[in-house]
> 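Here you go, one structure.
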Amino acid sequence: MDNISQYKPIKQYLKERILDVLVEFEITDVIPKIEVPSDIDNGDFSTNIAMVSAKRLNKKPLELAVQIADTLTGKKLKYINSVSAVAPGFINFYLNFDWLYELIDYVLSAGIDSFSKLNLGDNKTVQIEFVSANPTGPLHVGNGWWAAYGDSLARLLVRCGYNVSKEYYVNDTGGQIRTLGESILASKNKTEPPNNGYKGGYIDDLAEQYSGGDDVNEVGKWAADIILKEIKETLLKMHVEYDSWYSQNYIEQGGAVEETLNELTQKGLIYQKEGATYLASEQLGDTRDRVLIKSNGDITYTCGDIAYHRDKFKRRGFDKVIDVFGADHHGQIASLKSAMKALDVDPSNLEIQIGQMLSLVGGKMSKRAGNFVKLDDLLDEIGVDAARLMSLMTSIDQATVLDIDLIKSTSMENPVYYLQYAYARICSIQQKATEENFGLPKIDDINLKLLVDQREISLLKVISEFEDVMVDAADSRRPHKITAWARQVAAAFHSFYHDCRVLDTNEIELSTARLALVEATKISLAVALEILGVTLLEHM
RNA sequence: GCCCCUGUAGCUCAGCAGGAUAGAGCAACUGACUUCUAAUCAGUGUGUCGCAGGUUCGAAUCCUGCCGGGGGCACCA
């Protein structure tokens with residue numbers, strides 16, 4: 001494990017060396033930014049520090065860059081072949097390959113369990129709530145989109161040292177359950193469905209199965225139970241497992257609403273108007289005051305939602321809560337945040353990730369209109385891996401138009417095969433290596449310096465980026481950045497595979513070094529695919 | 001009217017805590033399998049980064065305005 005503790009990412013190393021020099025120039029309040037130049041001619045890494053601080057020192061950027069570069073050169077630092085300053089003031093670092101060989105050493109020592117296992121979260125408890133679709137119909141592909149997002153975000157945060165709990169909030173009470181019951185009865189009795197009722201084949205199927213009485217609430221509950229069971233099965237098929245299924249009914253009946261109302265009343269934030277009970281939320285940042293109890297005595301959804309979120313923080317004690325909502329629920333943010341403030345919960349611990357809407361080429365998806373593509377059907381057609389990866393290719397900020405026919409055709413399936421194929425090729429090499437007795441000796445006995453091919457170096461450089469990508473993806477809550485990296489490493493590996501024969505009995509030493517590189521690739525790719533929830537295939 | 005996203009190649013989208021010549025996949029066209037899997041690789045072409053200003057040594061990226069697209073603005077959930 002020595003190698004793990006000794007290992008220092010190259011960017012950090014360069015940053016520290018630059019900081020050392022900056023002190024000599026009496027620059028102390030700037031953190032140098034280290035970048036990989038887009039053009040390799042500009043070095044392996046570069047920094048803009050001279051341009052950023054030139055003005056303050058009353059110097060020309062290039063002049064300062066030259067001075068810093070010369071100072072760095074004078075120190076004859078490890079890894080660094082040369083440092084040069086170039087207009088308009090970049091300082092470029094040209095490195096030898098030692099840092100890449102140390103990277104292999106590090107990745108192999110850490111292994112799949114420890115490599116890129118970060119501690120950004122400090123073991124804080126985070127709850128991620130996602131999908132939470134009403135049990136009034138089967139999940140559609142839009143629900144699946146966010147299921148993949150929420151689940152991969154959870155996996156990512158776990159890897160980054162958070163203690164994560166995944167939750168599905170089941171809206172098993174209220175008007176929509178009633179409407180569901182009415183819709184089923186209408187289908188059974190061949191009468192007109194209610195306004196805003198649910199249509200679609202599943203309603204008729206349920207009506208056929210139903211044999212009980214005519215109480216709409218009873219019918220609705222009966223149907224919701226069946227639908228929820230199907231939802232759970234579909235999510236399992238998508239490899240999404242929840243830690244808890246929390247019931248709205250429980251929130252409303254189990255004392256949470258009462259406690260919440262009491263607390264708000266004590267704080268003097270409740271008032272009556274026109275027979276309804278209001279929360280004075282506008283003064284706390286909401287766009288208007290909210291009705292908590294309707295004039296007919298029913299609890300509003302907002303009221304239940306506030307109690308639910310209070311429950312998350314105050315009863316269950318999560319440090320942080322991340323809700324994944326569709327853009328159509330954007331309006332809830334101000335209400336929830338202001339309500340948390342009212343309840344003395346720091347609103348910044350309630351993070352709401354808004355996913356932009358998904359639509360089909362033919363139009364929007366709506367359960368009420370009976371116009372949607374079932375997630376279940378999509379999973380059957382293209383498989384869980386393609387479905388998940390497809391959802392994790394783009395940012396959730398991007399409203400996406402799905403062409404279902406295109407997805408079903410082979411073209412959109414390629415990205416997932418591309419990743420899985422890279423992994424399968426790795427396994428294939430390793431299996432052959434075992435069969436032909438290419439042992440992988442201890443890391444210290446491998447001559448990694450034989451890895452000098454451009455393909456090998458490129459592959460290593462991609463692997464070296466992984467931890468930065470993890471941090472970025474986790475901090476920004478954007479797991480699709482992992483997808484982008486995975487595609488890069490797969491591309492680099494495929495190119496390497498094509499140009500560099502790994503197993504060659506005439507070049508045992510080189511083969512051994514390449515096997516180490518292959519293993520490092522395997523470890524990093526496996527971590528990425530595990531986060532994305534894409535199955536690792538040893539054969540294809 | 002107000003609020004949240006968004007406008008990048010023919011299509012779908014990356015890139016956006018500012019950085020050097022704007023990328024990938026798909027689609028089109030060329031080449032490469034007696035080899036560890038060709039579900040692969042190598043190559044060819046494509047852009048007023050919606051428009052106009054501003055900040056900056058430097059803007060697809062930040063700010064302002066305008067135009068276009070999506071989603072909200074309930075005693076629905």
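On a predicted model such as this, the values are computed, not experimentally measured, just so you know. Letters A, B, ... are given to chains in the order of the sequence lines, protein chains preceding strands, and every chain is numbered from 1.
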> Please check the phosphate of B:C57 (OP1 and OP2 only) for any side-chain N or O of A:K55 closer than 4.0 Å.
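Checking A:K55 against B:C57: at least one side-chain N or O falls below 4.0 Å of OP1 or OP2.
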> Among residues two or more places apart or on two chains, list those pairs meeting salt bridge (Lys or Arg N to Asp or Glu O under 4.0 Å) that have a residue in residues 276-287 of chain A.
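Pairs touching residues 276-287 of chain A that pass the test: A:D286-A:R290.
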> Can you tell me which nucleotide in B:A14, B:U6, B:A38 comes closest to the side chain of A:S395?
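Nearest to the side-chain atoms of A:S395, counting from C-beta on, is B:A14.
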> What is the separation between atom CE on A:M390 and atom P on B:U12, rounded to the nearest whole Å?
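A:M390 atom CE is separated from B:U12 atom P by 15 Å.
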> So, for A:I396 and A:I354, which heavy atoms are closest and what is the spacing to 0.1 Å?
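The pair with the smallest heavy-atom distance is CD1-O, 3.6 Å.
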> For B:A14, does OP1 or OP2 lie under 4.0 Å from any side-chain N or O of A:Q398?
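Yes, such a contact exists.
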> Taking 4.0 Å as the cut-off, does a side-chain nitrogen or oxygen of A:R425 come that near to OP1 or OP2 on B:A38?
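The answer is yes; a side-chain N or O of A:R425 sits under 4.0 Å from OP1 or OP2.
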> How close or far is atom P of B:G25 from atom CG of A:L419, stated in whole angstroms?
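After rounding, the gap between these two atoms is 13 Å.
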> With rounding to whole Å, what would you report as the distance between B:G23 and B:U46 at their C1' atoms?
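Nearest-Å result for B:G23 against B:U46 at atom C1': 13 Å.
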> With sequence neighbours left out, write down each residue that passes side-chain hydrogen bond (donor to acceptor under 3.5 Å, both in side chains) with A:E351, or none if nothing qualifies.
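A:E351 satisfies side-chain hydrogen bond (donor to acceptor under 3.5 Å, both in side chains) with A:K320, A:R477 only.
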> I need the CD-P distance between A:Q420 and B:U40, as an integer number of Å.
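One finds 12 Å between P of B:U40 and CD of A:Q420, rounded.
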> What nucleic acid atoms does A:Q353 come within less than 4.0 Å of, heavy atoms only: base, sugar-phosphate, or nothing?
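The answer is nothing, as A:Q353 stays clear of every strand by at least 4.0 Å.
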> Please report the distance, rounded to the nearest Å, between CG in A:N196 and P in B:C76.
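Result: 12 Å.
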> Taking the P atom in each of B:U12 and B:A59, what is the distance between them to the nearest angstrom?
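Each nucleotide's P atom is 29 Å from the other's.
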> Let me know the distance between CD1 of A:I396 and P of B:C13, rounded to the nearest Å.
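Spelled out: CD1 on A:I396 to P on B:C13 is 15 Å.
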> Could you state the atom-to-atom distance from OH of A:Y418 to C1' of B:G25 in whole Å?
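About 10 Å, once rounded to whole Å.
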> Quick test of your reading of the model: are A:K312 and A:E129 salt-bridged, counting only N-O distances below 4.0 Å?
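A:E129 and A:K312: salt-bridged.
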> Can A:H329 be classed as stacking with the base of B:A77, given a centroid separation cut-off of 5.5 Å and a plane angle cut-off of 30°?
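So A:H329 counts as stacking on the base.
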> Can you tell me how the ring of A:Y301 sits relative to the ring of A:Y169, calling it parallel under 30°, perpendicular over 60° and tilted otherwise?
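Rings of A:Y301 and A:Y169: tilted, as their planes differ by 30° to 60°.
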> Would you mind checking if A:K461 and A:E465 are paired as a salt bridge, meaning a charged N to carboxylate O distance below 4.0 Å?
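Salt bridge: no.
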> Identify, with sequence neighbours excluded, every residue that meets side-chain contact (heavy atoms from CB on, under 4.5 Å) alongside A:N217.
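Partners of A:N217 by the side-chain contact (heavy atoms from CB on, under 4.5 Å) criterion, ordered by chain and then number, come out as A:R178, A:D215.
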> Consider the side chain of A:R487, meaning its heavy atoms from C-beta on, and name the nucleotide among B:G25, B:C75, B:A38 that approaches it most closely.
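From the listed options, B:G25 comes nearest.
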> Summarise protein proximity over nucleotides 16-22 of chain B in one line of letters, 5' to 3': B for base, S for sugar-phosphate only, - for none, counting protein heavy atoms closer than 4.0 Å.
S-SBBB-
> Drop me the distance from A:L22's CG to A:S53's OG, to the nearest 0.5 angstrom.
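Reported value, rounded in 0.5 Å steps: 6.5 Å.
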> Between A:R455 and B:A42, does any side-chain N or O lie under 4.0 Å from OP1 or OP2?
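Yes, such a contact exists.
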> Does A:L503 reach a base, just sugar-phosphate, or nothing at all? Heavy atoms under 4.0 Å.
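Since a base atom lies under 4.0 Å of A:L503, the category is base.
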> What interatomic distance, in whole Å, is found between C1' of B:G45 and the corresponding atom of B:G10?
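One C1' to the other, the span is 12 Å.
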> When you measure from every atom of RNA chain B, which of residues 280-307 of chain A have a heavy atom less than 4.0 Å away?
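When residues 280-307 of chain A is checked for heavy atoms under 4.0 Å from RNA chain B, the hits, listed by number, are A:R288, A:V291, A:K294, A:S295, A:Y301.
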> Roughly how many Å apart are B:C29 and B:A52, using the C1' atom of each and rounding to a whole number?
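About 40 Å, rounded to a whole number of Å.
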> Can you tell me how far C1' in B:G70 sits from the matching atom in B:A28, rounded to whole Å?
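Nearest-Å result for B:G70 against B:A28 at atom C1': 32 Å.
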> Nearest-nucleotide wise, let me know which of A:A276 and A:E538 is further upstream toward the 5' end of RNA chain B.
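The answer here is A:E538.
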> Please map the stems of RNA chain B, keeping only stretches of three or more Watson-Crick or G-U wobble pairs with both distances under 3.5 angstrom.
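In RNA chain B, stems of three or more pairs: B:1-7 with B:67-73, B:10-13 with B:23-26, B:28-32 with B:40-44, B:50-54 with B:62-66.
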> Have a look at A:C427 and say if it touches a base, only the backbone sugar-phosphate, or nothing, with a 4.0 Å heavy-atom cut-off.
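Since no nucleic acid heavy atom lies under 4.0 Å of A:C427, the category is nothing.
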> Could you list the residues that satisfy side-chain hydrogen bond (donor to acceptor under 3.5 Å, both in side chains) with A:K481, not counting sequence neighbours?
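side-chain hydrogen bond (donor to acceptor under 3.5 Å, both in side chains) check on A:K481 returns A:D472.
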> In this structure, how many angstroms lie between the C1' atom of B:A39 and the NE2 atom of A:H539, rounded?
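Atom-to-atom, A:H539 to B:A39, this comes out as 16 Å.
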> Let me have the donor-acceptor pairs involving side chains of residues 495-506 of chain A, under 3.5 Å, with sequence neighbours excluded, atom names and distances please.
| from | atom 1 | to | atom 2 | distance (Å) |
| --- | --- | --- | --- | --- |
| A:S495 | OG | A:A491 | O | 3.2 |
| A:D499 | OD2 | A:R455 | NE | 2.8 |
| A:D499 | OD2 | A:R455 | NH2 | 3.4 |
| A:R501 | NE | A:L503 | O | 2.9 |
| A:D504 | OD1 | A:N506 | N | 2.9 |

> Using the C1' atom as the point on both nucleotides, what is the distance between B:U48 and B:G7, in whole Å?
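One C1' to the other, the span is 14 Å.
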> Which part of the nucleic acid does A:G174 contact within heavy-atom distance under 4.0 Å: base, sugar-phosphate only, or nothing?
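Answer is nothing: A:G174 stays at 4.0 Å or more from every strand.
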> Which listed nucleotide (B:A39, B:A77, B:U40) is nearest to the side chain of A:M540?
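Nearest nucleotide to the side chain: B:A39.
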> Table please: side-chain donor-acceptor pairs of residues 482-489 of chain A below 3.5 Å, with sequence neighbours left out.
| from | atom 1 | to | atom 2 | distance (Å) |
| --- | --- | --- | --- | --- |
| A:T483 | OG1 | A:L392 | O | 2.6 |
| A:W485 | NE1 | A:V462 | O | 2.9 |

> When rounded to the nearest Å, what value does the distance between P atoms of B:G58 and B:G19 take?
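Between the two P atoms, the distance is 14 Å.
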> Between B:U56 and B:G15, how many Å separate the two P atoms, rounded to a whole number?
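Pairwise P distance, B:U56 against B:G15, rounds to 28 Å.
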> Can you list everything that forms a side-chain hydrogen bond (donor to acceptor under 3.5 Å, both in side chains) with A:S247? Sequence neighbours excluded, please.
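Scan of A:S247 (side-chain hydrogen bond (donor to acceptor under 3.5 Å, both in side chains), adjacent residues dropped) gives A:D172.
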> Run the side-chain contact (heavy atoms from CB on, under 4.5 Å) test against A:E381 and tell me which residues pass, sequence neighbours left out.
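Counting only residues at least two positions away or on another chain, A:E381 forms a side-chain contact (heavy atoms from CB on, under 4.5 Å) with A:K408.
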> Counting side-chain heavy atoms from CB outward, which of B:A77, B:U40, B:C36 is closest to A:N171?
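Comparing B:A77, B:U40, B:C36 against the side chain of A:N171, the answer is B:A77.
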> Could you list all the salt bridge (Lys or Arg N to Asp or Glu O under 4.0 Å) pairs where at least one residue sits in residues 389-401 of chain A, not counting sequence neighbours?
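Listed once each, the pairs are A:D397-A:R478.
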> NE2 of A:H330 versus C1' of B:C5: gap in Å, rounded?
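Interatomic distance, NE2 of A:H330 to C1' of B:C5: 8 Å.
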> Scan A:E436 against the nucleic acid and name what it touches under 4.0 Å (heavy atoms): base, sugar-phosphate only, or nothing.
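Counting heavy atoms under 4.0 Å across all strands, no contact is made by A:E436.
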> Taking syn as within 90° of 0 and anti otherwise, name the glycosidic form of B:C4.
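Anti conformation for B:C4.
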> Taking A:A473's backbone N and O only, do any of them form a donor-acceptor pair with A:H480's side chain (distance below 3.5 Å, no angle check)?
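Looks like no, no N/O pair under 3.5 Å.
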